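Just below is one structure, and these are the notes that go with it.
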Amino acid sequence: MNKINSYSTGLVAGLAVFFGLIVGAVIMLISGFNPVTGYVSLVQSALGSSLNIGEVLRAMTPLILTAAGFLVAQSAGFFNIGLSGQVWVGWIASTWFVLANQGMNPWILIPAAVIIGAAGGAVMGFIPGWLRAQFGASEVITTIMLNYIVLYGGNAVVQGLPQKLMATTDMTKTLSTTDSLRWDFLSNLTGGSRFNIGFIIAVVALFGIWFVMKRTTLGFEIQAVGLNPDAARYAGMSAKRNAIMAMTISGTLAGLAGATEGLGTYLNIFSQSSAPQVGYDGMAVALLASGSFIGILFAAFLFSVLSVGGLGMPLATGVPTELVSVVTAAIIFFIGANYLIRLILVKLDEDDSKSKRKKDKNKKTTKLNKKEAK
Amino acid sequence: MADEPIVLEMHNIVKQFGEFRANDDINLQVRRGQIHALLGENGAGKSTLMNQLSGLLQPTSGDILINGQKTIVDSPAKAAELGIGMVHQHFMLIDAFTVTENIVLGSEPVNGMNLNIKKATQDIKNLSEQYGLDVDPQALAGDISVGMQQRVEILKTLYRGADILIFDEPTAVLTPQEIDELMNIMRHLAAEGKSVILITHKLDEIKAVADQVTVIRRGKSIDSFPVAGVSSQELADIMVGRSVSLYDTAKTPANPKNTVVSLEHLTVKDSRGIAAVKDLSLDFKAGEVLGIAGIDGNGQSELISAITGLMPVTSGKVVLHGKNITNKKPRQITEAGVAHIPEDRHRFGLELDMTLAENIALQTYYKRPLSKMGVLDYNAINQHARDLIEKFDVRTVNELVTAGSLSGGNQQKAIIARELDRDADFVIAAQPTRGLDVGAIEYIHQQLINQRDADKAVMLVSFELDEILNVADRIAVISHGEITGIVNANETSKNELGLLMAGMSLDQARAQLAGE
Amino acid sequence: MSVETILQLVISSTLVYSAPLIFTALGGTFSERSGIVNVGLEGTMIMGAFAGVVFNLSFADQFGSATPWLGLIAGAVVGLVFSLIHAVATITLRADHIVSGTVMNLMAPALGVYIIKLMYGKGQTSMISENFGYWNVPGLSKIPFIGPVLFTKTSSTAWVAIAIAFVASWLLFKTRFGLRLRSVGENPQASDTLGLNVYALRYSGVLISGILGGIGGALFAQSIAGNFSASTIVGQGYMSMAAMIFGRWNPVGAMAAALFFGFSQSMAIVGAQLPVVNQIPAVYLQIAPYVFTVLILVIFFAKSKAPAADGVNYIKSV
């Protein structure tokens, strides 16, 4: 009975990635490509040069932040699909602030802009949290709807910015690198990539949020509320307050991600046809990480390799970039359906023990017991 | 009776769940028209055995014979086809469906493609008249009384033509009077030629209604014999496997002192705005266990929720040591000196996915020494847990396993450890022994008595009269949110309590009992 | 503009924009009535749109004006197959319903565009040649005032959708299948003990949602978008889900809510031609349906009740 749940989440996640890649390989085979050359070209375009490695690290930045945000909301029992909209607000707020205050001392301007971006995301996280706590409105639906409201609203804001800030009707002027999160040292280190200070912010934030969630009374309460709101209330915690806190922290992290997009990666704002993809990708990263903060680093790295490498694939082999998103979706499918992977593992174990002699069997049971004890 | 044909035989039934053997070589023989009791403690394997008969589980090995024919019951549909029907302990009703829809679901009469609800209603009327099972076919299942829900469950099996009816702990939610009614229904069914299997751990029920009893202990069938001529004490001893003292926790007479908690004209409205507790006044004294007897759903949950701050008090006061704690936040009330062993330990008492240590810290994690300035000290939390595990004899590998992985008895011990360790002056225990085995029950009762002897005020809410009579010093009976009578435990009887539970006043009840 | 022309314009565009939402919301109703939360309606619509457009482009020459109708069938088939992912994940493999639905929404645009790129060498298709045009209801369009307003230059598919809503209502509430389907969404264990096949019933609920969602997508693509790209379906699936909730998981209610959303969506498009409405900045009209959805949730959610076992996996004990 317990055996099926005895396998480590790391092993299960690893196998989910493996099966996801197999799905991609099968699709490539069916559509007439050689999966080996396909994946080789993907890895080469992602890690083949220091420039591309820099781009992978750059791509990890918002994913780490949004994934951490997703995880905090998830700890409280919420499914924050609104990360995209929260990123978008953080992006607009922070970059607009810098555009409007050019000439201010960058040591004040940039930290202030980052904080404003985070605050923008916080507000966007607070709203669905409050609606949920106060009215019981499902955050799944309100965040989806807010994504669209923010998408169109944000586009209107961008298009309505003062003329002097705009490069075209849909795009602002570009920030100077001194008024941004770019740092020559990091750029030069990676062959002139867009790798920037945002990455450091992301890693520090990830560590900080790990500490909050695992070592403070606030994190303890958020988790208790998420796992069993009735028991949490019984123990004197406020389910409402913690729900709102968790969603606000989640939005804050997404807003930070938006600030790194605007101030670190793109250095401008341009209107979007759909809410920023990093929000959805961050969700995928968090799901793959299966609740582990360290796991977020690995998962963000993997998905960044996929997305950066995916851009190089069409040139080298003709495989459309979208294959990467199919693989990502397939990985999340196997994470969601991890019961399948666990069943396969149980089956493998049973076959294993059948074919081996008693002596080996004893060893394995003790190993299993150890796992269970964990 | 002995010449009636055997309708059901189960031979050498084994049911294995992973490493655990829930049924270990069980044998059972039921005759036509017989009321056959299946006696065993919680967790002995009775429900597992019956689930194999009703097609929800398949035996790992062993045979099932219906009317002498060896059969495989591999689905509930097959069970119904074979004439086996189960009245589940937790009713399997769809609240949003009508009584009729609930009964016919799965074998609905149709008229072309349309459901023929008219015919269904008529069929149900006929059945309910034949067997004396009064139900309202048009009512929603979620709106009818527990007793009627149970009759609906019985009708579900009869509608499918069941000849063997299995009742799984059917009396847990009924008043003594409703229990009598159910017994009559069972006798009626047996007289009509149906066979009844009664799963229970209550000895007086078996004495009252069963012809034959089969005893199951730790997954094994121990013995099977006619009920006539066996005493309750003998049944209890064979069920537990050692000599047990029936209803007798060792305790000295109570020595009540000052009032700790006063409830003054308390009214509490439930989530739908209906008054669940009405103008209720009670005093809890130090050094006394005050039992609250009543049927489930008569305002007990709302009363406790209101005292502990989980539900708002509409009017009236809760006073603890002269201090008004009405409508304070749960944490303020806890800190004022209230311990609460909640009714539903999975829903309220525990964070099942958190560690045992975190659960033991659930009420005190925010205070020194378990945390400082909002930062948790896990060394202190785990040490604190180890101390209490030792002190309260919680059986566990260590303090880092999840609370969900413990047995029910040990989960309850963990909650008791957490609540009693705080040295609160007022201890609320709601259904503290539900679903536990005899050993754990004895332990928990003793802990409550110890609290009393340490001059705490103890409030014991239970639906089990035996438990109340055994542990409480004084008993207040609640019915429809009102206290119908307060009696001393050693001066009352189950009959008297039953009449109070049904809503009679103490005078009425005594008059009726005197008249009988 | 005369009142009659204004009404005609508003009603016909409302119907055009509502029809895909009605189909998809009905699909969602079947899925959730069986206990499976379906956030993946968006993805299902995307695949339906993809199938409808590819079919239309490939076979317009052969089938002429029947093409868009056949395109709906193509959408239904692809939607059915695609929803199988959700059914397998949630029912057989016990996946979280929201995670699985999210997978569908991530998968659909990627898969659609991947195949489009292979087929046509570019990320979006050409415009289709055979659209759902306007239609005059025979007979009824002759009625004075009502005829021109309701039944002239109207959307035939919308009237089909409305009819299907009533059929769906009958199916759910008056037939044996409907009773059983609803029972597994309320209390699957009770259904199981009565010998019903919980898994099969839940599969049928999800697959019906796949068929209807696929039709909704194919309809949107062939009546409104006109081609397929990653941004053909932008939120219509989610809006359909909102319509289902607003309609309290009842087919007719979902249909009415979808009409309302269709109206508010069409305002963003035809509003420019209408007096008063054309004074409102476009962005307000664009976000209006989403704002309404949030408001409706906040105001009505406490009162509307989802099926009791919606989103809860049923694990049969072995």
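Throughout, protein chains are lettered first and strands after them, A, B, ... in sequence-line order, and every chain is numbered starting at 1. These figures come from a predicted structure and were not determined experimentally.
- The structure places CG of A/L343 at 10.0 Å from CG of A/N338, a figure rounded to the nearest 0.5 Å.
- Ranked by heavy-atom pairs shorter than 4.5 Å toward chain A, the options C/A110, C/A95, C/P109 are led by C/A110.
- Of residues 283-294 of chain C, those residues with a non-hydrogen atom less than 4.5 Å from any non-hydrogen atom of chain A are, in numerical order, C/V283, C/Q286, C/I287, C/Y290, C/V291, C/T293, C/V294.
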Discussion item. Before you tell me yes or no, could you show the steps for A/Y7 and A/V346 under side-chain contact (heavy atoms from CB on, under 4.5 Å), namely the whole-Å CA-CA distance, both residues' side-chain angles and the distance that decides it to 0.1 Å?
Written reply: CA-CA 9 Å; A/Y7 301 99; A/V346 169; 3.8 Å; yes

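- Note that CG of C/L26 is 11.0 Å distant from CG of C/N250, once rounded to the nearest 0.5 Å.
- With contacts defined as side-chain heavy-atom distances shorter than 4.5 Å, the pair A/P128/A/L146 qualifies.
- Between chain C and the residues A/S31, A/A284, A/P314, the most heavy-atom pairs under 4.5 angstrom are made by A/S31.
- With a 4.5 angstrom heavy-atom cutoff, A/L287 touches chain C only via side-chain atoms.
- Using a 4.5 Å cut-off between heavy atoms, A/T142 contacts chain C through both its backbone and its side chain.
- For chain C, the nearby part of A/Q277 is the side chain; its heavy atoms alone come within less than 4.5 Å.
- Side-chain N/O atoms of A/N155 and A/Q272 include no donor and acceptor closer than 3.5 Å.
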Worksheet item: What do the steps show when you test C/D310 against C/W249 for side-chain contact (heavy atoms from CB on, under 4.5 Å), and what is the final call?
Response: CA-CA 11 Å; C/D310 202 10; C/W249 290 268; 3.9 Å; yes

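- Side-chain contact between A/F135 and A/W130 is present, with at least one heavy-atom pair separated by less than 4.5 Å.
- No donor-acceptor pair under 3.5 Å is formed between the side chain of C/S31 and the backbone N or O of C/G28.
- Between A/F334 and A/F19, the angle of the ring planes lies from 30° to 60°, which puts this pair in the tilted group.
- Side-chain atoms of C/E186 come within 3.5 Å of backbone N or O of C/A308 as a donor-acceptor pair.
- Expressed to the nearest 0.5 Å, how far OG1 of A/T143 lies from CD of A/Q86 amounts to 7.5 Å.
- Residues of residues 117-124 of chain C lying under 4.5 angstrom from chain A, judged on non-hydrogen atoms, are C/K117, C/L118 by number.
- Between the side chain of C/T125 and the main chain of C/N227, no donor-acceptor pair closer than 3.5 Å is present.
- The shortest side-chain heavy-atom distance between C/I233 and C/Y238 does not fall under the 4.5 Å cut-off.
- With a 4.5 Å cut-off on non-hydrogen atoms, A/I149 touches chain C through its backbone and its side chain both.
- For the atom pair A/F303 CZ and A/I332 CD1, the distance stands at 4.5 Å (nearest 0.5 Å).
- Residue contact with chain C, scored on non-hydrogen atoms closer than 4.5 Å, involves the side chain of A/V140 exclusively.
- A/F33 contributes atom CZ, which lies 6.5 Å from atom OG1 of A/T317 (distance to the nearest 0.5 angstrom).
- Judged purely by atom type and a 3.5 angstrom limit, C/Q236 uses its side chain to pair as donor or acceptor with the backbone of C/V234.
- Between A/L345 and A/L15, some side-chain heavy-atom pair lies under the 4.5 Å cut-off.
- With a 4.5 Å cut-off on non-hydrogen atoms, A/L131 touches chain C through its side chain but not through its backbone.
- Within the 4.5 angstrom heavy-atom criterion, only side-chain atoms of A/F79, from C-beta onward, approach chain C.
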Discussion item. Could you go through C/D192 and C/Y314, starting from their C-alpha distance and side-chain angles, then the distance that decides it, and tell me whether this counts as side chain to side chain donor-acceptor pair (under 3.5 Å)?
Written reply: CA-CA 10 Å; C/D192 195 1; C/Y314 182 60; 2.7 Å; yes

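- For a residue to count as touching a neighbouring chain, one of its non-hydrogen atoms must lie under 4.5 Å from one of that chain's; by this rule C/M241 touches chain A with the side chain only.
- Of the atoms belonging to A/I335, not a single heavy atom falls under 4.5 Å from chain C.
- Checking side-chain atoms of C/T24 against main-chain N and O of C/L21 turns up no donor-acceptor pair under 3.5 Å.
- A/Y280 and C/N105 share no side-chain donor-acceptor pair at under 3.5 Å.
- Between atom CG of residue A/L21 and atom CZ of residue A/F18 there is a gap of 8.0 Å, rounded to the nearest 0.5 Å.
- Of residues 82-92 of chain C, those residues lying under 4.5 Å from chain A by any heavy-atom pair are C/I85, C/A89, C/T92.
- A side-chain donor-acceptor contact under 3.5 Å links A/Y148 to the backbone of C/G235.
- The most heavy-atom pairs under 4.5 Å with chain A, out of C/D96, C/V113, C/L106, C/I98, come from C/I98.
- Within residues 32-46 of chain C, the residues having any heavy atom closer than 4.5 Å to a heavy atom of chain A are C/V39, C/E42, listed by residue number.
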